[in-house]
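Chain A is the first sequence line, chain B the second, and so forth, proteins listed ahead of strands; every chain is numbered from 1.
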Amino acid sequence: MKSVAPVVAVLVIAAIVHVLLVPLVGPFYGKVILDIGINAMLAVSLNIVNGFTGQFSIGHAGFMAIGGYVGAIITYYGSFVLWGSAMEQGATGQLLFVVGCLAGGLIAAVFGYVVGLPSLRLRGDYLAIVTLGFGEILRVMLQRSDDVLTELAAVREALPVGVITKVGGALGFTGVPFYTTPLAVYVFCGLTILVAYRLKESTYGRAFLSIRENELAAEAMGVHTTRLKVRAFVLAAFFAGIAGALYAHEVGVTLTPRELGFQKSFDIVIMVVLGGMGSISGSVIAAAFLTILPEALRSFAEYRLIVYALLLIIVMLSRPQGLFGVRELWDLKKRRGAVT
Amino acid sequence: MTLVIEGLDVHYGAVHALRGVSLKVEPGQIVTLIGSNGAGKSTTLRAVSGLVKPSGGSIRFDDKPLAGLPPHDIVRLGIAHAPEGRGIFANLTVHENLELGSYIRRDRAGIADDRDKALALFPRLRERLHQSAGTLSGGEQQMLAIARALLARPRLLLLDEPSLGLAPQIVQVIFGIIRDINLAGTTILLVEQNAHMALKVAHYAYVLEVGAVAMADKASVLAASDAVRKAYLGVH
């Protein structure tokens with residue numbers, strides 16, 4: 001029972017967002033609500049690495065890109081194979097989309113392992129350098145990819161391996177079916193939060209925190225630090241990959257390498273830092289806030305970046321540990337006066 | 001259960017920190033390593049718990065070679081290390097710190113039992129159970145470091161400078177508890193700069209000087225020897 005109830009809660013909340021909230025607010029704010037869910041997934045998953053284990057990854061958008069492109073290849077070229085064109089399908093299309101999301105997450109996790117293993121064996125800032133390099137290499141490679149195939153015959157000829165490089169280059173992957181629904185976003189987002197939460201509250205997850213606090217002492221306690229750091233990194237990459245696939249299939253989004261470059265990685269880092277390194281609720285709130293803020297400031301477009309930067313400086317000066325520090329929203333009530 | 005170190009060599013880059021250190025810890029004893037800064041005391045402990053890799057020599061525990069094993073495997077053999085500078089997890093609560101001490105164990109009942117025992121040794125920690133460990137005083141942090149190490153239910157406890165930076169009164173309390181832990185059956189290898197206190201609680205002692213054992217004898221004998229009194233006990 002204990003483990004089923006939260007999953008049910010996630011499904012109910014996702015259903016409410018899907019059936020009531022998004023239709024009520026209209027397409028523009030509906031897209032903002034989708035973006036909040038996707039960004040919350042990215043921030044919470046990055047927090048598992050940066051917040052829990054105290055490593056510093058600044059290439060999270062790279063995993064998002066992998067998930068996005070893998071998901072898009074599966075739904076776009078998969079649709080050609082199954083239905084002869086990339087037009088959206090009904091329920092079976094949704095099924096293909098979910099497969100695409102999960103495959104995107106898994107492939108991103110594999111990349112996470114390959115990128116993480118060598119750099120996480122070392123202590124210090126190597127991870128930051130490696131993840132930065134990874135994101136940039138990936139971006140350049142995607143920019144140099146070939147045009148998207150639009151003819152069934154050409155697709156048939158290129159299958160199965162040839163389509164991997166036909167993802168549109170710098171212009172982006174056009175024609176990806178719009179499958180992303182509020183339900184899908186909030187189910188995956190809810191599951192991400194649930195996994196992160198269970199991790200933080202378990203003894204196993206506390207070992208992640210101990211690495212951040214004092215790596216040497218953690219090792220002396222019997223924590224296999226390298227293994228746990230790699231696991232945290234792979235898990236984060238997995239969720240980022242799913243978030244990327246959700247993003248790739250959003251209405252009005254063209255998947256381009258530029259959008260998922262260093263700037264995006266940094267946006268996610270800012271969400272984590274602002275919300276508090278290690279705080280899940282902080283990440284969610286910061287992700288929501290930093291998604292809404294640019295939209296709210298759109299009418300003064302010229303001043304937008306100034307306000308944005310100013311706000312960050314104020315928060316960092318007045319609350320350098322972020323909104324919640326390592327604690328959670330619900331901790332504030334439980335333990336008043338506890339030092340964050 | 002005996003710890004035997006023979007001809008231990010440790011290098012930090014070009015620095016030769018330990019030069020052929022040999023020592024032995026018999027079951028049920030408190031053995032102390034004393035010596036000045038940089039003599040290699042902490043390095044010896046770190047080599048035993050696997051935090052540094054020896055470049056030569058052997059470390060055997062229960063006749064099992066330890067050199068080369070990673071720290072997380074060595075803890076599982078029954079050696080717990082309370083590192084120098086306490087190494088507590090400052091942003092976690094006292095309770096969470098203790099929980100991490102028993103990270104390698106799965107026997108819930110045994111863990112709860114040991115936790116109660118540890119909190120009985122350090123009643124101050126029970127009062128502060130849900131406080132962030134970083135808000136504890138220096139003495140309390142040291143107590144936490146020892147209690148946390150005990151929760152691994154070690155057969156051999158490695159203590160690195162438990163008196164570091166503490167008021168003399170607190171040092172007395174901590175050393176009283178170290179003796180209690182030993183009387184309850186845990187073997188202890190204690191590194192100390194406070195030679196006076198260390199020689200008082202220990203059964204056997206080694207004096208380290210620039211990475212090598214200079215003297216070794218019963219603690220009471222060393223405490224009475226002129227050389228030790230002059231060099232480490234401040235008696236002229």
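- Proximity of a side-chain donor or acceptor of A:Glu213 to a complementary backbone N or O of B:Asn91 within less than 3.5 Å is detected.
- Between B:Arg46 and A:Leu216, the closest heavy-atom pair is NH2-CD2, 3.7 Å.
- A 6.0 Å sphere centred on CZ of A:Phe262 holds more than 12 heavy atoms belonging to other residues, nucleotides or ligands.
- A heavy-atom distance below 4.5 Å is not found between the side chains of B:Ile88 and A:Asn214.
- Neither the backbone nor the side chain of B:Ala152 comes within contact range of chain A, judged by heavy atoms closer than 4.5 Å.
- What you find for B:Val75 and A:Glu219 is that their closest heavy atoms are CG2-O, 4.1 Å.
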- Query: Can you check side-chain contact (heavy atoms from CB on, under 4.5 Å) on A:Met221 and B:Phe89, steps first, answer last?
  - Reply: CA-CA 11 Å; A:Met221 300 292 102; B:Phe89 306 124; 4.1 Å; yes
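- Listed options B:Glu99, B:His81, B:Arg76 were ranked by heavy-atom pairs under 4.5 angstrom with chain A; first place goes to B:Glu99.
- Minimum interatomic distance between B:Gly87 and A:Ala217 (heavy atoms only, all atoms of both residues): O-CB, 3.1 Å.
- Only the side chain of B:Leu51 comes within contact range of chain A, judged by heavy atoms closer than 4.5 Å.
- Around CZ of B:Phe122, the count of heavy atoms belonging to other residues, nucleotides or ligands within 6.0 Å exceeds 12.
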